Amino acid sequence: MRYEAPESVQGAVALLAAANGDARVLAGGTDLLVQMRADVVEPELIVDIKRIRETRAVTQENGGWRIGAAVTGAELKEHAPLKQAWPGVVEAANLIGSTQVQGRATLGGNLCNGSPAADSVPALIAAGAVAKLAGPHGQRDLPVEDVMLGPRTLALRPGEFVVSFLLPPRPPRSADAYLRFIPRTEMDIAVVGAGVSIAVDGAGTITAARVSLGAVAPRVLLVAEAAQAIIGSRLDDAAQERLAAAARAACRPIDDKRGTTEFRVDVAGVLARRAALIAMDRARTR
Amino acid sequence: MAKHHVEAIVNGDPVEFLCETEETLLDVLRDTLHLTGSKEGCSSGDCGACSVTLDGRLVCSCLVLGCEVGGRTIETIEGMAKGETLHPLQQRFLEHAALQCGICTPGFLVASKALLERNPNPTETEIRYWLAGNLCRCTGYDKIITAVQDAAGAMRKG
Amino acid sequence: MAGNGTNGQQYVGTRTIRPDGADKVTGRARFGADYNLAGQLIGKVLRSPHPHARIVSIDTSKAEALPGVKAVITRDDFADMPSEFIPAGEMMMNYKDVTRNVMAREKALYEGHAVAAVAATSAVIAKKALKLIDVTYDVLPHVIDVVEAMQPGAPILHDDLFTVGVEPKPDRPSNVAKRVEISQGDIDAGFKRADVIVEREFKTAPVHQGYIEPHAVLATVSEDGSAEVWVSTQGHYIVRAHCARLLGMDIGKIRVNAAEIGGGFGGKTVVYLEPLALALSRKAKRPVKMVMSREEVFKASGPTSGAVVKVKMGATKDGKFVAGWAELKYQAGAFQGSPVQPGVMCAYAPYEIEHVKVVGYDVVSNRPKVAAYRAPGAPISEYAVESVVDEIAKKLGIDPIQLRMMNAAHEGTKAAYGPKFGPLGLEETLNSIKKTEHWNTPLRKWQGRGVASGFWFNIGGETCVSLTVNEDGTVSLMAGTPDIGGLRASLAAVAADELGIPYDKVRPIIGDTGSLGFNFLTGGSRSAFSGSMAIVEAAKQIKSELCARAAKLWEMKPDEIEYAGGHVKPKVASEKVTPMSLVDFAKVAGKTGGPIGGVGRINAQGAGPSLGTHLVDLEVDPETGRVTILRYTVAQDAGKALHPAYVEGQFQGGAVQGIGWALNEEYIYGADGKLQNAGFLDYRMPVASDVPKIDAIVVEVANPRHPYGVRGVGETPIVPPLGAIANAMENATGIRFTELPMSPPKVLKALKEKYGAGGAGR
C-alpha cells in the first residue's frame, strides 16, 4: 500500500491518474481509515491531499466563500466570517462525529465518502454550493447535488478529485440552517437530515429557497417542490405544512438498523419545517 | 514497499520511526514508541480512548495514519504531567473519583485539556458535548464533568 | 466492631485518593493490551460468517505454509469434554459447552463463533493467514428470536439438549434447556383475593456490557509445560481453572496475572481468547498476544439475554399486593446458561407478597452465548414487575412511592425464593427519594416522572488477602480479586483503620494466582464486601501476633496487652513499658520472631441484599419520538460505604447503563442471522451529552453480618432504570411501552397511533 502526499493539485491528479489499482484520496481519513481497518477497502495507493494549499484554504471569492476540500470541521467552526455568512453549512459540518472527528473530518471527505446520510451534504446543496473538481483533463465545476449519484457512487471521472467548494454570495436577508435527527445527542449517523436556505424580502416574504434532504433516498435530495411550497409565503402554518408534506413526498428511504421507512418519512417533514423556521428566523434578522 | 521514515515531535521530544502505510498513529504510539497510555477501544473513532492532539488539534489517533504526521507535533497522555506535578485535570480526576476502571481516562484527560485550552470557562453543556466522543461505561460521566468543571475553576485562578 | 482508630483519623467512609490513581491518570497503568514480551507472536481468530452451519472440514495447510505463521489451531487442538456440570470456583460449568464456545467443534452456532486461530510474527501476516484457512460449511437454518426458538419445528442447535425441569422428560431435543420455578403460597388463591389485577407482556432486547477495553491476553508456555498469562479479567483464578481444564494442564503450572481491567460488568468472567493464546503458545513455543477488535467483542463475547416476560399481579383495593405471577423466557445464546434463574428469584424480591409463582425458561438460539451483565437477569424481570406495579398504583389512585412503601420487603419478610430477610433498606431509599427537590420539581406537557425500585442479592465467597508488614512499618496489601472500580482504595482504608496506620502507608496490589490462595472472581458485588472481611481477619492475625511478641518482650501475659490506636500497649498503662507502633515492631521483627504478616482466608458469608430506588424525569419530542433524560436521582442502600465516592460512582454508572438499555441499546439482526450493529457507532451507548447529572443518595442500613456493615453495591444500580424510565414514559405520553429499547421509531409509531401526527390529538 503506497502513501503519497503531493503538494500540488497537478501532482495529486498525476498520481491518481497513474494508479494501477484502487487509489483513494485521503483528506480527514475519518471514513477511509475505518473502512481500511474493517477490510472494506484495501487501496493500492493513498493520495493525501492535505499538503495541497488549495484544499486547505478558506478564502473570499467574488463575494462568496471558497472552502478547501480538506479544511476540517473544527477549522470551519473557528472561521467567524464564514460562520456568519453560512451558519447552516458550518453547523452541518460540525455535526459530523465527535470533537475528535471534527479535528479531522472535511467537507470533501464527507461528500466523497458517498453516503446519503452525510451531514454536510444537504447543507451544501441547500446553500447552492459548487464543487471544483480537478482531473487529467483540467478543472471543472459541478453543483454538489450532481456529485453523488448513489451510495458509494460519485460522478467523478478517473483521476478526478474534489479540490474545493464555492458558496455563492449571500444576498441580504438570507440565511441557512441544517438539522438532523439522531437517537442520541451526538456520535450517530443521521437518520434524517434537512438543510434549508432562505431569502426574504423586506416584508418577510420568502423570495428564494432551497431545501435538501439527507438519508431518505439513495442520494441526498434537492427537493424543488419543498422550496416551491414556501416561496411567496411568510412561512405561516399552512406554508409549513405544505413544506413538510412536500418533503415527506420526496422521500424514498430504506428500512434499516437506523430507522424505519415510516419514521424517516415522518421525521423528514418535521426537520424540514424546523430547519426552515430557524433559517427564516436568521434571515429576518439580517 | 519500504516502510515510511517519519520524524515528528512527541510530548516535546523529537522522535523518528518507521511504519507501514496502514499503521495508524495509535499503532505507532503503542507498538513502536511504547506509549501505551493511548488506548484502543474501537479503532473507528467512536470511543475517544486514543485521543491525542496533533498540532494542538484534538483527534483520535486511530484515525490518523502514522505516515501522515511527519514534521508535526503530537501530545499524548504521557506528556500531560509536568515533572512530578500532575496537571490540574489529572489531580481533579483523582480527587473527584472521576475514574473507575480507568481505561477511558487518558482519552478524557487529553480531550478535557484541549477543551480548557480553548474555553477556560465552559458550561456543563459545553463540557458534555465536547466530551461526547469519549465513551465511559463506568461512571455515568457525572464525576468526570464535575472534575473538569473544578479543574477549569482552579486553572482560571491560576 | 472493627477499626482501631488511627493516628487521629478514620479512613473508612472518607473519599481517599485511590492508590492506583496516579498511574491511571498518567497512562502508566498497564491494561490487558499493554503487556508485551520479547519474541511475542500476534494471534488472530477466524470466525464463522454463518449463524448456524455444520463444519464439514477445515484445511489449514495453506495458512501453515505462509512464512511468519508459527501455529494454527482448530477444534482438533482441544480435547472433547463430557456434558456434565462441574464446579469451577463457585460456578458450575459444563465444559462440553465451554470448549465448544471457545472453538467450534461440530457446528458453528453463531456469526462470529471461533473456528480457527493463528499465531504469526505480525498482525498483518496473521490476518493474511486467516484468509488462507479453507473451511467448508454446510449452512443450516438458523433461529435468532427466543419465542421462535421455542416453537416446535425450530432449527435445533444441540441434538442432545432435552429440557430439564419438565415432567415427563421430553423424548425429543429442543432449544429449551430448562424450566425453573419458584413459588410460595397458593397463586390462584392470591388472585381470588385481588381487587385489581394487571397482566402484561414485555419484551427486552439483548444488550452488551459495553466495557471500553476489548478482551486482551498475553500467554507464554515454556518447554517444561509451565505457563504464564497476563489478562484483562474479572477473575484470574477462574481463567486459570478454565484454561487448565480445557488444555489438560495442572492448575499449579499456570500462573495468571490480572492486568488492570478496562471494565467488565460481568462480561469478563468467562474465557474466550485465553485458552486459544495458551494453545497457540504451547504449539509455537513463543509468547502469543491476542486482542479482540470491537467488532469481535460485539459478535463473540457475551451480551446479556433478550427476553419475553409475562407478568400478572394482583392487589387489594387498599394497595396490598396479594399475588405475583410471571413467566420468563430468556435467551441464553448458543449454549444453555441464561440468567433466567436469578431473573426468576429477583422478580418479586423487593416486595412482601404472600402468593408468588414465577416460571422461567432458558432458551438457546444462534446468538453469542450470554455472559453475566451486572445483576444478571434481574433488570429484565424487575423491569416488567415495576412497570406493572406502576399500573396498579394508577388503577388504585395510590402514589407510586407510597404503594411501594406499603409493600416493601423488610427485615423478617420471607422471600419467595427462599430466605427470610435480615435488615433491608428499601423503605429508607423510598423515603429519601420522596424528600428530594427532584421529586417536587414541576413538569410540563410531554414530560414525565418515573420511579422504580430494584433488588439484587449480592454474594460473598472464597477470598484470600494478605497484609505484610515491611521493614519500615509500611504495609503491603495483596488482594486476589481484580480491582475494577476502586477496590484498592476501599481495602487500603480498611487495612489502615484496622492497623491504625496512615492510609498512605498501605500499598495495595492485586496479586497473581501464585501469590495468594484461591479467590473467586470480582462479581456478584463481592470484592469490597468479602475483601474487607478478609482484611479484618488478616489484621487480626497481625495484631494478635504483635501482642504475643510484646508479651515476651515485656514479660507479660498476651491477654494483658492490646493493640489500639496503632500501638501495642499494656491494657493497663505501665511505666515500665513504652507502647510500640507498627514501625517500632518492624525494626525488631527479626529479633522477635521473623516477618510479620497476616493472611485472611475466608469463604465470606452473610452478604446482604442491596435495594435501590431510582427517580427519573424525561421529555418526549412528540414529533420525532426522541427522549431526553432531564433529571435523575438514585438512592440505594450500601450498608456502609467504605469509599462513598466510588459507591456513588457505582450508582451513577449503573443508572446510565440502564438508560442506554431502556432507550437505545440493542442487538439488531438481519434476516440472514448476522449482527448488523457490531460497533459503538450503531450500538448507541449513552454519551456524556445524553445524560444529566445523576444525583446519588447513599443510604446506609448496616448489614449485621459484616464487620463494617457493608453490602455489595455494584449491581443493584442497573436494576431500577428500565422500569423507572418506562414509568416516566407512561406519565409523559399516556402510553405504556412494553418493549425495550424505547427507541424513537417505536415511540413515534405509538404516539402516532394514539394521538395522530405530531401528538396533535393530545
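Everything quoted here is computed from the prediction, not taken from an experiment.
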Below 4.5 Å from any heavy atom of chain A, which atoms of [X] appear? Answer side chain, backbone, both or neither.
X        : value
B:Cys62  : backbone
B:Leu65  : both
B:Arg118 : side chain
B:Val64  : both
B:Asp55  : neither

Handout entry: Pair A:Asp31 + A:Arg24, salt bridge at N-O below 4.0 Å
Key = no
Exercise for the section: For the pair A:Arg53 and A:Glu7, find out whether any cationic side-chain nitrogen is under 4.0 Å from an anionic carboxylate oxygen. Expected result: no
Which portion of [X] sits near chain B, non-hydrogen atoms under 4.5 angstrom:
X       : value
A:Leu26 : side chain
A:Ala74 : both
A:Glu78 : side chain

Exercise for the section: Return the option, out of A:Thr30, A:Leu32, A:Thr99, A:Val101, with the maximum number of heavy-atom pairs under 4.5 Å with chain B. Expected result: A:Thr99
Completion exercise
Pair count under 4.5 Å, heavy atoms only, with chain B: among A:Ile46, A:Thr72, A:Val34, highest is A:Val34
Practice task
Against chain A, work out which of B:Ala114, B:Ala111, B:Gly70 has the most heavy-atom pairs shorter than 4.5 Å and name it.
Solution key: B:Gly70
Practice task
Could you tell me how the ring of A:Phe181 sits relative to the ring of A:Phe263: parallel (under 30°), tilted (30 to 60°) or perpendicular (over 60°)?
Solution key: perpendicular
Going from [atom1] on [X] to [atom2] on [Y], what distance comes out if it is rounded to the nearest 0.5 angstrom?
X        : Y        : atom1 : atom2 : result
B:His87  : B:Ser112 : NE2   : OG    : 9.5 Å
B:Met155 : B:Leu116 : CE    : CG    : 5.0 Å
B:Asp150 : B:Phe93  : CG    : CZ    : 11.0 Å

Problem - Working for salt bridge (Lys or Arg N to Asp or Glu O under 4.0 Å), residues A:Arg180 and A:Glu91 - result: CA-CA 10 Å; A:Arg180 62 148 184 215; A:Glu91 68 201 5; over 6 Å; no
Exercise for the section: Establish, from distance only, whether the side-chain atoms of B:Ser43 and B:Glu40 form a donor-acceptor pair under 3.5 Å. Expected result: yes
